[in-house]
Amino acid sequence: MLEGLQPLLGLVLAGALGLVLLRQFQRNRAAAAASRGRLFGEVANLLAEPNFQAMPEPDHPILHGRFRGLPVQLRAVVDTLATRKLPSLWLMVTVPVPTGVGAVFDFMMRPASASTFSNYDQLPHIISAPAGWPPDGIARSDNPLPLPAAERLEPALKLLGNARAKEFLVTPQGVRFVVQLAEADRARYGVFRQAEFGDVVVSKPFLAEVLTGMAEVIDNLRAERKAA
Amino acid sequence: MTDAVVSSPVGAAPAQRVSLLRVLGPAHVWALGVGIVLVGEYTGWNFAVDKGGALATLIVCWFVGVLYTSVAMIDSEVTSTVAAAGGQYAQAKHIVGPLMAFNVALYLVFAYTMLQVSDAILVGDLVVTVAGTEGLQRHAFVVLTIVVLAWLNYRGVLMTLNVNFVITAIAYVAIVVLFFAVQPWSQGTVLKLGELVTPDNALPYGWIGVIAAFHFGIWFYLGIEGTTQAAEEVRSPARSLPYGTMAGMITLLIGAAMTWYVCASLLPWEYLGFTFFPLYDAARITGSGFLETLMFWGTVLAAVASANGCINDAARAWFSLGRDRYLPTWFSAVHPKYRTPYRSILFLLPIALAFAFIADLNQAITFSILSGLLGYTFMSINIVMFRRKWPLGSIRRGYTHPFHPMPALALLALCIVTYFAVFLGYGSQLIAMTIFYIIVSVWFHFYRYKYVRRGDQFTMPWPKPVGY
């Protein structure tokens with residue numbers, strides 16, 4: 001009789017395990033969604049007129065606002081595309097205002113793999129970075145001649161001094177700073193190729209420092225344009 | 001593993017993590033080495049028994065362990081130094097050149113695509129065997145496995161099953177449970193090693209059989225180099241990279257020895273040499289329904305976890321080739337919503353399916369092993385060039401492996417032996433692959449290289465190499 005019950009017991013056990021895994025999957029998805037909502041929880045009040053733009057999964061919501069009168073956009077991007085490299089959670093801080101520069105200046109730290117969150121790889125010219133800039137970064141441009149003067153970009157140096165800084169971009173349409181918020185859990189990615197970052201919350205003091213630096217760069221660029 | 005709060009020259013951390021392990025815990029260290037490689041304990045290694053006998057397989061198990069220990073040490077050094085790049089592909093670009101990088105990327109693609117095919121064939125055959133239904137063929141299950149996993153990878157972060165280490169634990173614990181269930185401390189009760197492996201059949205083909213067994217001995221550990229994932233910035237690799245990989249090697253060595261011991265003590269070597277699922281068959285021999293079920297699920301889970309990682313890695317290697325213009329840039333497209341290399345995933349899917357229909361398990365494994373071997377051969381040459389061009393002290397290294405050049409020489413020697421072993425059994429396949437790589441190299445050199453941005457190939461802030 002016991003032998004006859006074994007297949008049934010096996011099915012019941014398999015079904016129970018399947019339910020447990022499904023429930024776990026649902027809980028984890030809910031937790032991930034909640035975590036995405038908390039990413040900018042501490043910095044929203046740093047901006048005037050903060051508003052969140054909802055994005056479809058798996059993207060994080062985009063936070064829009066104003067800082068010192070300048071429009072600001074905060075966007076988090078999950079990058080899982082590099083070969084044999086742990087995924088990164090990048091924070092892209094963009095100030096989309098006309099800067100008056102004549103060309104794109106894109107400084108990328110450690111550009112040894114494809115920059116899938118940026119058009120850096122598409123810029124045709126490698127240019128000399130200003131003196132004193134980090135040696136493990138490389139600058140590119142679409143047109144090396146009308147670049148801004150190095151001293152105008154000096155506030156960016158402080159931002160690039162952060163060990164997790166990745167990119168500083170100046171274009172005629174605005175300025176962007178990219179920094180790594182988190183790196184995927186090594187064991188979980190190594191085994192399951194899952195980009196698990198845990199619960200990440202952007203730091204308010206850090207963002208204030210970044211926005212201040214970017215605002216100074218924009219002020220310098222505008223002053224240069226006026227002087228010209 | 002990154003710290004919860006990062007200190008920086010500007011004094012502020014970009015983010016806080018509410019919950020994060022600060023260090024690589026023991027469970028994670030173990031999981032690193034086991035995850036995508038454990039399938040090698042469930043199948044493939046036993047074909048070495050067919051080549052040289054049970055004792056030959058055990059000998060090879062330890063020698064190939066030395067090969068992979070060298071791989072782990074060498075890969076850890078280069079990965080921790082070529083920061084933010086990751087993988088032998090980026091290493092080849094910086095240390096050897098674009099043609100080598102092109103070949104290395106292809107090694108990665110084919111090694112992991114064929115490993116994925118092997119995993120799918122294993123799942124299909126096992127399901128058909130367990131079902132025991134007359135006329136049921138494996139192909140539907142093989143296709144289902146490959147297509148479902150490709151779809152998961154296509155959907156990327158959104159659809160990744162958020163499983164925990166219970167899944168991997170089942171696969172590894174299954175081997176441990178089987179080991180203790182057969183009472184290894186009392187030979188003759190369940191295990192009959194003395195009867196099944198005798199002086200007459202331990203080395204049925206003599207010492208040439210030991211050489212031949214190297215062919216499939218690689219399968220015990222193939223994929224361990226995939227655990228050396230580069231971090232964005234070299235911060236504390238001295239602990240995490242080699243520690244994780246070496247701990248994984250130790251785990252696999254123990255697992256391989258246990259696997260051999262149990263299987264060789266339960267299955268006659270002639271049968272062990274050709275079965276597709278030695279551990280499952282060993283469990284069946286014990287007569288325990290529980291062990292049989294445990295081994296079934298252990299095999300399926302190990303194979304599926306491995307196949308998932310393979311699809312991920314192969315697609316990203318192909319994507320990188322497109323991104324660098326080594327292949328048409330069409331392949332470097334990123335899905336606008338899921339942010340996955342979807343064209344690369346879709347392109348490799350029919351290739352995997354085609355091989356799954358054409359090849360049987362040991363052929364698929366051989367293709368994977370050959371591509372992996374080529375990659376390991378490159379590694380041994382690469383590290384010598386790396387140390388020669390950028391000696392110790394000339395650049396910052398996150399981890400420096402000891403006893404150089406002994407690991408490189410040992411690795412190269414074992415690779416040569418294994419090439420010979422493959423030639424003994426699958427000479428035509430070896431020649432075909434060699435011709436294939438020569439043809440694609442010629443195509444790259446004479447046709448494709450003109451599209452490559454030469455100035456973009458070397459991006460590390462290193463001084464000029466010695467001699468240049």
Side-chain angles (χ1 to χ4, degrees), chain A residues 6 10 21 24-25 28-29 32 56-58 77-86 88 91 109-114 116 121 126 135-138 158-159 161-164 166 179-183 185-203 205-206 209, chain B residues 1-2 6 8-10 12-20 24 28 31-32 35-36 82-87 89-90 156-158 160-163 168 227-233 235 240 244 289 293 305 308-309 312-313 316-317 319-320 323-324 334 337 339-341 455-456 459-461:
Chain A
Q6 272 182 358
L21 288 174
Q24 186 182 47
F25 174 62
N28 287 333
R29 281 199 58 181
E57 280 187 344
V77 172
V78 176
D79 179 9
T80 65
L81 291 166
T83 307
R84 287 281 166 78
K85 181 174 171 285
L86 293 173
S88 293
L91 174 66
M109 300 288 288
R110 300 171 297 276
S113 57
T116 54
D121 298 329
I126 296 176
D136 52 346
I138 295 179
K158 200 175 173 195
L159 305 182
N162 189 307
R164 293 176 181 261
K166 185 63 177 174
V179 64
Q180 187 194 49
L181 284 179
E183 202 156 54
D185 179 273
R186 180 177 286 279
R188 194 171 288 277
Y189 188 73
V191 177
F192 298 114
R193 296 298 186 265
Q194 282 178 344
E196 179 61 53
F197 301 104
D199 226 352
V200 180
V201 178
V202 177
S203 159
F206 173 78
E209 205 161 338
Chain B
M1 179 72 77
T2 42
V6 176
S8 70
V10 298
Q16 304 164 31
R17 291 208 218 188
V18 174
S19 60
L20 179 70
L24 212 55
H28 295 88
L32 265 180
I36 61 172
V82 188
Y89 169 64
V157 174
L158 177 68
T160 306
L161 292 173
N162 204 343
V163 296
T168 309
T227 62
T228 49
Q229 302 283 339
E232 170 59 29
E233 202 243 354
R235 279 193 283 272
S240 60
T293 305
N308 182 53
N312 182 93
D313 287 5
R316 274 147 184 78
F319 165 84
S320 294
R323 196 84 188 189
D324 288 335
V334 177
K337 181 178 176 186
R339 251 190 299 285
T340 54
D456 292 357
T459 55
M460 294 300 292

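Order of the sequence lines fixes the chain letters, A, B, ..., with proteins taken first and strands second; residue numbering starts at 1 for each chain.
Proximity of a side-chain donor or acceptor of B/Arg316 to a complementary backbone N or O of A/Thr80 within less than 3.5 Å is detected.
Two residues are said to be in side-chain contact when any heavy atoms from C-beta on lie closer than 4.5 Å; B/Arg339 and A/Asp79 fail this criterion.
Heavy atoms only, all atoms of each residue included: B/Thr340 and A/Leu81 are closest at C-CD2, 3.9 Å.
For chain B, the nearby part of A/Ile126 is the side chain; its heavy atoms alone come within less than 4.5 Å.
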